[in-house]
Amino acid sequence: MLTSAPPVAPSTADEDEWLWGWDPTPGIVSVWAEPDGTAMIWRREPSTNALLRESARFKPWLLLDQLEDLAHLGQRLVRAHATQQPAPMQVTYRELDGPGALRFLVSAEHANTLSTAVLTGATRRLGHRVGHLRELGPEAVLVLPPEEQYLVSTGRTYFRDLTFDQLVRLQFDLETTGLDAERERMFMVAVRLPSGATQVLEAANESDAAEAQLIKQLVDTIHSADPDVIENHNLHGFDLPFLDTRARKLGVSLSLGRIHFNGLKQRAARRGAPSATDAKRRVRFVAPGRELIDTLDAVRRYDFSTRELPGHGLKAVARHLGLAGPNRELIRGDQIYETYKRDPDRVRRYATADVDEVAGLARMLGGAAFALARMAPRRYERLADAGAATGVIDPLLVRAYLRAGMALPAHADGDGTTHSGAALHLFATGVAQRVVKADVASLYPSLMRAFRIGPARDHLGALLALVDRLVETRLAAKANARAAPVGSAERYTHEAMSAAMKLVVNSAYGYLAAGGGLTRFADVHAANDVTRRGRETLDFMCRELATRGVTLLEADTDGVYFTVPESWTEINERRVVTEVAALLPPLVQLEFEGRYAAMLSHQPKNYALLGYDGILVLRGVAFRSSRAEPYGETFLRAAIACALRNDVVGVRAAYLNTVQALQARALPTLAVSSRVRLTKSPSRYLETRHVRREFAYEAMLASGRTSWRVGERVRVYRTKHRGGVVTEFDDEAVVSEQTDARDYDVPYYIRLLRTSFAERLVTAFTPSDFATVFADTQQLPLFVSALDDIRTVLSSPMQAKIASR
DNA sequence: TCATACCGGGG
DNA sequence: GTGTACGGTATGA
């Protein structure tokens, strides 16, 4: 059980245990525990990869804020003694040290003994029936799922001494006649076996019996492959709920786990499918003995820090990450079944590509959750979809406190103090040459460490200790990754560890700042202390840089863009960053992040950067919008690239060329079309059409499209009097040149070019020069020479406009 | 027009 | 018995 360690001055060894647990049992790949105190553990022997199944006993436990509710047990309530074997119906307790509210650690042989005893006492005390422990509130009781009780009390974690590639993983992907499991059915399942071989299971016909047979085949395939992990993209949002519904309707037993249950188990989850019994609740399915991993979760977590993915769909992500083959079969979702009837091989290739890409994706992005599962006392599949703050840090803290024999604070509401945010300064707008970006890596956790800012109620100092250890572990993992051969499992493991550490470290501040009593140790004062020091640090950096002769452009939270004098070389640029870095506290590391040939500073968080390699990067909503017409974006990129090189003639040429291309109708209709989503059904639109006409629907009707799906994305464009539609295939618009009428409204699109797109260069010139550069096309001859004198400008008219978030 | 509610994904 | 993203878009006052 939970052995006691000295509650003060934790040693390095204690902190290791807080981070990693303490039981060395290797190779755990799944855990299933029951309220009766039995736990089933599946392990892979790291040296042989053989699967072992072990059963164990544990004592279910929970934490209470008082013992009053258990007084009615009389003799059955006993103080815990390490040596004494408790009797079956006994409840043992131990009072923990420290000031925390949740201070009584209570346990029994069966969880039901515990909960019944507490509920009986609470019912008597409160004078009304208390039917469930959660009714007592988190300030009065802490009870974890059985697996987590087991992992916390034993100090075990998943995957010790195992690499990701030692996991036995299977991927499957359903192909169905539609999205609604109530009305549609499955007709195909692509399976990728742990060996990497793929197979396609198919229903023989459209009958119930054939679909039932397909489900049985899938279940058999999974059982004979016996994977530790089952993966798919949106597994919990689509495949499992669909499968569950179909199996119920068809009366087929859906037993996907290693313990036979009739059907899948469920757990509450924020991101899951609506529960069949209560539509307000969301659930995820559980198959005991296996871990059900949704690559969509890994994608979200990845994109959360990188923000580079075009979308989170499997095809888009696989393409972006280089996992998609060159001849990847693509079929629009609503055409899959139709295609299957005509050309089944095409759908087989499509579905097989899906499972292959999922396997690649899971390996590429799943390592972070794998690494977390080696630390935190939760199931792998829980850590794969958990938020870092409550999902990872809180379980680590709970385990640390119990290990130290310390009482845990209960969740507490804030005192009404509002949370203050980061600093954002726009110092100058327009075009700057020789731009440098300097930033502080992981500013907030660094400030927490440097100034020892932790939650006031964390008397054990566990959060700061964890952040310290996580940062150290991350640095070691990064070094190990660099030392390992490229592409090796070892390198991959270290990189995944580093990514996982970064995730948790960066959420430590979020944990502190979480409002509404969401996290156990939330502390708005500490969080404000962090952001205040963050603002001070940013302001200090800006001042110190400015006194060293640079011109500040924009500063946001933890980084600053500035431009340097013409005479400076990269050596000077780096020196000024190093000098300022030396003035900051040791753990707050200002880094030279990059240098650019030029920058167009438009609005806060909206700018363009031209690299010395000639690559132009646009940031911010002003420059990137999914609705923007492609011709405008093309123009904007060309014009900005010229402006950043001070090629004013080029800017003018880009403008004129676009105008002329429009006038000559040289641009395909696709180039002037805008992406919209149809959210009203045809009948719903027709109801309101006489009151208010909406362009997108009018364009559909004008193109003879009288039926569409709600949610369908189309590209629409304007003609002289009405509108037209270019249909879209997935994310890539496909239009046939022969059918392209190019009947778009030329004056409208010329106007749009000027008022919407050219406008985004307004800060690059003085007002009169701007008017000249984008003057009416007829006046061209007048202005050719006038352009020679025009230079881009950088201005700071507003006295360093300061905004606060 | 501005605030707020909702979505992201899957066939 | 969950977990508080965030930026874009849809909808309603």
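Convention: sequence-line order gives letters A, B, ...; per-chain numbering from 1.
- One can place CZ of Arg300(A) at 9 Å from P of dG8(B), the figure rounded to the nearest angstrom.
- Comparing atom distances between the Arg271(A) side chain and each of dG11(B), dG9(B), dG8(B) picks out dG8(B) as nearest.
- Between Asp297(A) atom CG and dG10(B) atom P there is a gap of 13 Å when expressed in whole angstrom units.
- With sequence neighbours excluded, no residue satisfies side chain to side chain donor-acceptor pair (under 3.5 Å) with Gln213(A).
- Between the CG atom of Asp334(A) and the P atom of dG9(B) there is a distance of 16 Å, given to the nearest Å.
- Distance CG (Asp303(A)) to C1' (dG7(C)): 11 Å, rounded to an integer number of Å.
- Of the candidates dG10(B), dG3(C), dA5(C), the closest approach to any side-chain atom of Thr390(A) belongs to dG3(C).
- In this structure, Arg328(A) satisfies the cation-pi test against Tyr350(A), with its NZ or CZ atom closer than 6.0 Å to the six-membered ring centre and inside 45 degrees of the ring normal.
- Here Asp385(A) pairs with Arg267(A), Arg284(A), Asp297(A), Arg382(A) under the side chain to side chain contact (heavy atoms under 4.5 Å, CB included) rule; sequence neighbours left out.
- Under the 30°/60° scheme for interplanar angles, the aromatic rings of Phe242(A) and Phe238(A) are found to be tilted.
- When the C1' atom of dG8(B) is taken as reference, atom CZ of Arg282(A) falls 12 Å away, rounded to whole Å.
- The interatomic distance linking Phe238(A) (CZ) with dG10(B) (P) rounds to 10 Å, in whole Å.
- Using a 4.0 Å heavy-atom distance criterion, Asp385(A) is classed as a sugar-phosphate-only contact.
- When atom types are taken as modelled, the side chain of His411(A) and the backbone of Gly137(A) share no donor-acceptor pair closer than 3.5 angstrom.
- Distance from the side chain of Leu314(A) is smallest for dG10(B) among the nucleotides dG10(B), dG11(B), dG9(B).
- Taking the C1' atom of each, dC6(B) and dA5(C) are spaced 14 Å apart, rounded to whole Å.
- Checked against dG11(B), dG10(B), dT2(C), the side chain of Ile336(A) finds its nearest nucleotide in dG11(B).
- Nucleic acid contact class of Asp354(A) (heavy atoms, under 4.0 Å, all strands): sugar-phosphate only.
- At the heavy-atom level, Arg382(A) lies under 4.0 Å from the strands shown only through sugar-phosphate atoms.
- The gap from the C1' atom of dG11(B) to that of dG8(C) amounts to 25 Å, rounded to the nearest Å.
- Going from atom CZ of Phe285(A) over to atom P of dG10(B) covers 19 Å, rounded to whole Å.
- Contacts of Asp173(A) with the nucleic acid, taken as non-hydrogen atoms under 4.0 Å apart, involve only primed sugar atoms and P, OP1 or OP2.
- Whole-Å rounding puts the Met188(A) CE to dG10(B) C1' distance at 16 Å.
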